[in-house]
2 protein chains.
Amino acid sequence: MKKVLVETSARHIHLSREAVDILFGEGYQLTNIKDLSQPGQFACQERVTVVGPKKSIERVSILGPERKASQVEVSFTDARTLGVSAPVRESGDVANSAPCKLVGPCGEVEISEGVIIAKRHIHFDTATANEMGIADKQIVKVKIDSDRTTIFDDVVCRVSDAYAFAMHIDTDECNAACAFGEIYGEIIK
Amino acid sequence: MKKVLVETSARHIHLSREAVDILFGEGYQLTNIKDLSQPGQFACQERVTVVGPKKSIERVSILGPERKASQVEVSFTDARTLGVSAPVRESGDVANSAPCKLVGPCGEVEISEGVIIAKRHIHFDTATANEMGIADKQIVKVKIDSDRTTIFDDVVCRVSDAYAFAMHIDTDECNAACAFGEIYGEIIK
């Protein structure tokens, strides 16, 4: 039985260098307050407001370090609150995704695309992937045994030496599967 | 292949006669504005505010007719908003579930229990259950093919001549499985 730690990603933002300059001031450096499970990734002290056509969501977490393009990862629940039609996408695949406005203490940024609902996925370090016979981009199922036992199909495997072994789902998926606390999923190929 | 229509139940309330009297006035009759898929069940014009220890949710739908005990069905997302710890339960099984306050135009009702997260279930009319070889209380899986294909395990079957054949999930489950619009699930025994 192949088990993976299941982590829930709450809504968050990745910012480009340009966006940090506008939102927080030229040359501003984001403050790491917590290292995340993926090596080099961290939660920032700073927060921003995400503004949609319908409503805003305040104090949204920023995850560092900066990225090439700003990206807002939300749940369907959040997308409905904002009033945007966000597609289910892998991180980084933001072409023609939903627009929004970001508001920081020093300025505002309109992004024409970047709001996505993250496709559920498993990060594999290369050694674990080899051991389990998993290839990059492979699709698997993951069963979560809980008060609402659920099998997530169409889970994309991403393999890199830069990754730590963990599955990421969003808050809607977490709620649907009662994947609260420290919970492990069974990988079904 | 056995397919069932999957309907999403948004948050709603069933009220006792006593609660209607207090919230809307002695002898008040709830107004049917829409018949639901289950025979005799209807959405009401009236709304109430559900007050939790953390926040309130306004304009919550009431489903008629009245029931023996008031019951508030929410998602985990809503339960977190309200600040209550609601258990996953079958409808009617409210013993020791979460408390809340209901506020209507004429008064307020404190309920000491009644806030639940509805356990996903399928209503079967007896003929369909017989045809499919399903017994009351049987547990099945249901696969939803979508942009986020998901297999819901631990789905309870409820068989009665008073039911129409349909599966009910909550908004978190709908979002997790992209079960939007008219969607059918495959029943797996």
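Heavy atoms only: backbone and side chains are in, while hydrogens, waters and symmetry mates are out. Per chain, numbering begins at 1; letters A, B, ... match sequence-line order.
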Go through it in stages, so that I can follow the logic: the residues are A:Thr77 and B:Asn175, the test is side-chain hydrogen bond (donor to acceptor under 3.5 Å, both in side chains), and I'd like the CA-CA distance, side-chain angles, deciding distance and then a yes or no. CA-CA 7 Å; A:Thr77 301; B:Asn175 288 334; 3.0 Å; yes
A:Ala129: partners by side chain to side chain contact (heavy atoms under 4.5 Å, CB included), with sequence neighbours left out: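 Side chain to side chain contact (heavy atoms under 4.5 Å, CB included) check on A:Ala129 returns A:Phe124, A:Ile134, A:Val159.
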Is [Y] reachable from [X] through a run of I, L, V, M, F, W or Y residues, each pair having side-chain heavy atoms under 4.5 Å apart?
X	Y	result
A:Phe165	A:Met167	yes
B:Ile111	B:Val74	yes
B:Ile57	B:Val109	yes
A:Phe152	A:Met132	yes
B:Val88	B:Val84	yes

Flag yes if more than 12 heavy atoms outside A:Lys55 fall under 6.0 Å of its NZ atom; otherwise flag no.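 Counting other residues, nucleotides and ligands, NZ of A:Lys55 stays at 12 neighbours or fewer.
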If we define contacts as heavy-atom pairs under 4.5 Å, which of [options] has the most with chain B?
options	result
A:Ile169, A:Asp153, A:Ile117	A:Asp153
A:Asp147, A:Ile151, A:Asp154	A:Ile151
A:Ala176, A:Pro87, A:Cys174	A:Ala176

With rounding to the nearest 0.5 Å, note down the distance linking OG1 in A:Thr171 to CG in B:Asp172.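 One gets 8.0 Å once the value is rounded to the nearest 0.5 Å.
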Which answer fits A:Asp170, side chain, backbone, both or neither, if we ask what part of it has an atom under 4.5 Å from a heavy atom of chain B?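 The side chain, not the backbone.
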Contact listing (chain B partner; residues 9-35 of chain A; heavy atom under 4.5 Å):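 The stretch does not come within 4.5 Å of chain B.
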Side chain to side chain, A:Cys178 and B:Phe76, heavy atoms closer than 4.5 Å: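 Sidechains of B:Phe76 and A:Cys178: in contact.
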Evaluate the criterion side-chain hydrogen bond (donor to acceptor under 3.5 Å, both in side chains) for residue pair A:Arg120 and B:Thr150; output intermediate values, then yes/no. CA-CA 11 Å; A:Arg120 49 208 186 204; B:Thr150 300; 3.0 Å; yes
